[in-house]
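In what follows, chains carry the letters A, B, and so on, assigned in the order in which the sequence lines appear, proteins first and then strands, with residues in each chain numbered from 1.
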Amino acid sequence: MNFTYPKTVSEAFSAAFKMFGENYRAANVWRLSVAALAATLAFVFYKLLTEGHATFNTGSDGITWGLLVVVYAFFVLTSTGLTFVASMAMVFGFKEFYPIAKRCIWVAVLTLLAGFAALALELGHPFRMLWAVPLGVQTHSPMFWMGVFYSAYLVFLLLKFQKVSGGDWTSGTSKALGIISFGTVVIAHGMLGGLFGAIAIRPMWFGPLIPVYFLLTAALSGAAFAIMITYLTYGGEQAMPDKVRSLMRGAMPKAFAAVLGIVLVATLSRTGIGLWSNIDGLQVWGHVVHTSWFWIEMALMFGAFAMLLMGGGALFPALMVIAALFIGRYEFVIGGQMVPLFKGTWVPGLIEYAPSMTEWMIVVMSFAIVFAGWAFGERTLNLGASPQD
Amino acid sequence: MAKWGMVIDLEKCVGCQACTVACGMENNRLPGEMWQDVIFYSEGTYPSAQLKWFPRPCQHCEHPSCMAVCPTGATYKTEDGVVLIDWDKCIGCKYCMIACPYGVRFYTDEKPLVAPDMRKVHESHDEHSWNPPWKMPDAREDWKHGVGIQPHDVVSKCTFCYHRISKAPKGTPDLDPQDPKLREFTPACVVTCAPGARFFGDLSNPESVVSRLIGDKRGVRLLDELGNKPQVYYVTGDGGAVPSTRAFNKKS
Ligand code: SF4
Ligand code: SF4
Ligand code: SF4
């Protein structure tokens, strides 16, 4: 679609409003995702207002951090990865990535907001967080630093997007903002990795290389989202502009396959070591490999890898990897808590947990935020712009 | 300044859970929200299997990992060595529950651990999370030190009965419940313990009973290899043992 892009905020809103009655891909996605967002928000707020946080299936005798922390990790790491993809062009000078760079920055903003939204609903006091964390200045807490760096990252990302939207891709400030965003998110995701990796009593999480593992899986997640969103934008390879098509047939699937290969090795080595070692807490790996989800995850990742090697399109591998990564994040966050601490006789075995309806609705809500935001951007923000134009 | 600590004699502990009940009553805990609990577990297999038990309050660690991870400073350590939570600062992120190796922390708002849900039976109409008929006097409640009935969406745990011990005369080496003058300053679980298995005193005073017990009866700490360095010590003798692993039933 070729749109006339609005110049002012009010024009943008009226264009978005008109989209409800229009009929093209972005408008259809817009309708669907805004409806999903409204429905899930209504459900979730009704539940939270009537039951409070007891509407989640997390508990002090069980899983403390539930599905919402999974969603948070999934989306903020995807945002991290999308910034890596955009940085290929904007920081590292691989010019062939320019045609998708602006869209990647926009979706990085959206996935970050989707992750924050899930976390805000999970926190006991999200508004208190806004002053208690900055004023607390607890420099020894990885969570404090994660907050600082992910907030700074959001600001830099928005500034960079504003520059790029004004057509300024290459000025000193614009370049600096790209580099700073990249640097900030590398540190921010490292803090998220540290948040888990520093917890020595939960050996499934523990280790100095967890930030590196997050870096790899974040890059994979970002690449998969970049591919998915590009296909969603154009509807298929035929409709893509030449430069986008050659990226989607050339550098992108190659880079994607390379990262996927490394993640496969990392995942297998984590699993193997986890199964072999006998420190208390790692028993959970024995459980993980007996779930069908683990084998679905493996099949999706190996299948995607094989498809990429055979040189088919990148869309299906990307979708498969997104599903596999979601399962992987779930295994990671929940699995790390399944072996009970000194909790008393009422938890004799592994802790059982199944997310509640409200928790699942928040997953839908987070995806709806991303898709609605993408459709809005597609219609109003000229996401396909690149410096060659 | 005192450095408060507890010694639990496992040779004397009979696993009666009186401490657990006393703590629940003293501190208005929701049923199931056991700041103090006795954990039962089995060791060995037939014919030499043994049933064991292990009383477990918050360990008030010298290096508390709960405090290290708290992003707001809501969890803190007092000068006299007690780890507390400021309920006005806690954002309910539950990172402390993730980081504490001993599983002693509880979040307020979750599915009830025991039915019926007492928060519904004794509903609160103010900021308190519930309103039981047997609560401590309002004057004792102290949210800055995590004492009393907590508000919604925060984390709570054993305070070493801070509302009692902080009123003890300065320089007291031991809060001995047998001494009528000290009884009201002694933690509720220590007061109630029928076989006298719990001792509370100043670990920094070499003359205190707790210091002597640790020295004479070789006091040990739970999961000492972790570096949290609990201020709760266990003495074992012939009758008991400190579990070296978590309470997880491994199928052999
Ligand atoms: S036992 Fe847990 S909650 Fe208590 S001080 Fe130690 S780390 Fe903190
Ligand atoms: S839940 Fe409260 S006390 Fe625990 S780490 Fe978070 S802010 Fe600190
Ligand atoms: S010291 Fe007080 S708060 Fe701690 S377990 Fe004993 S009775 Fe409960």
Please identify, among B:T72, B:L226, B:N228, the residue contributing the most non-hydrogen atom pairs under 4.5 Å to chain A.
B:T72
Which atoms of A:L195 are under 4.5 Å from chain B, going by heavy atoms: the side chain, the backbone, both sets, or neither?
both
A:L130 atom CG, over 12 foreign heavy atoms within 6.0 Å:
yes
Measure the shortest side-chain to side-chain distance between B:Y95 and A:I199 over non-hydrogen atoms and say whether it is less than 4.5 angstrom.
yes
Does any heavy atom of chain A fall under 4.5 Å from the side chain of B:I98, the backbone, both, or neither of them?
both
Rounded to the nearest 0.5 Å, how far apart are CG of A:D61 and CE of B:M34?
10.5 Å
Just wondering, more than 12 heavy atoms not from A:W293 lying within 6.0 Å of its CH2?
no
Examine whether an atom of B:D117 lies under 4.5 Å from a heavy atom of chain A, and if so say whether it belongs to the side chain, the backbone or both; otherwise answer neither.
neither
Would you mind checking which part of B:C70 comes under 4.5 Å of any heavy atom in chain A, side chain (CB onward), backbone (N, CA, C, O), both or neither?
backbone
OH of B:Y102 to CG of A:L341, rounded to nearest 0.5 Å, is 10.5 Å
What heavy-atom pair brings A:A132 and B:I91 nearest, and what distance separates the two atoms?
CB-CG2, 4.1 Å
Check against side chain to side chain contact (heavy atoms under 4.5 Å, CB included), B:K111 and A:N57
CA-CA 7 Å; B:K111 298 237 156 39; A:N57 281 355; 2.8 Å; yes
B:V154 vs A:R128, side chain to side chain contact (heavy atoms under 4.5 Å, CB included): CA-CA, chis, key distance, verdict:
CA-CA 11 Å; B:V154 295; A:R128 184 178 293 169; 4.1 Å; yes
Contact winner vs chain A - B:A99, B:A68, B:G73, heavy-atom pairs under 4.5 Å
B:A68
Can you confirm whether B:C90 sits close enough to A:H125 that some side-chain heavy atom of one is under 4.5 Å from a side-chain heavy atom of the other?
no
A:E122 versus B:K94: any side-chain heavy-atom pair under 4.5 Å?
yes
What is the distance from atom CE of B:M97 to atom OG1 of A:T58, rounded to the nearest 0.5 Å?
8.5 Å
In terms of heavy-atom pairs under 4.5 Å with chain B, the winner among A:P126, A:G136, A:G124, A:P142 is A:G124
Looking at side-chain heavy atoms only, is the closest gap between B:R105 and A:S60 below 4.5 Å?
no
A:I279 atom CD1: more than 12 heavy-atom contacts under 6.0 Å
no
Between the CD1 atom in A:I63 and the CD atom in B:E110, the distance rounded to the nearest 0.5 Å is 12.0 Å
Can you confirm whether more than 12 heavy atoms, excluding those of A:E51, are under 6.0 Å from its CD atom?
yes
Does any heavy atom of chain B fall under 4.5 Å from the side chain of A:W205, the backbone, both, or neither of them?
side chain
B:C93 and side-chain contact (heavy atoms from CB on, under 4.5 Å): which single residue from A:V69, A:L123, A:V133 fits?
A:L123
Within the 4.5 Å heavy-atom criterion, are B:D153 and A:H53 side-chain neighbours or not?
yes
What part of A:T55 lies closer than 4.5 angstrom to a heavy atom of chain B: side chain, backbone, both or neither?
backbone
If you take all heavy atoms of A:H140 and B:M67, which pair is closest and at what distance?
CE1-O, 3.6 Å
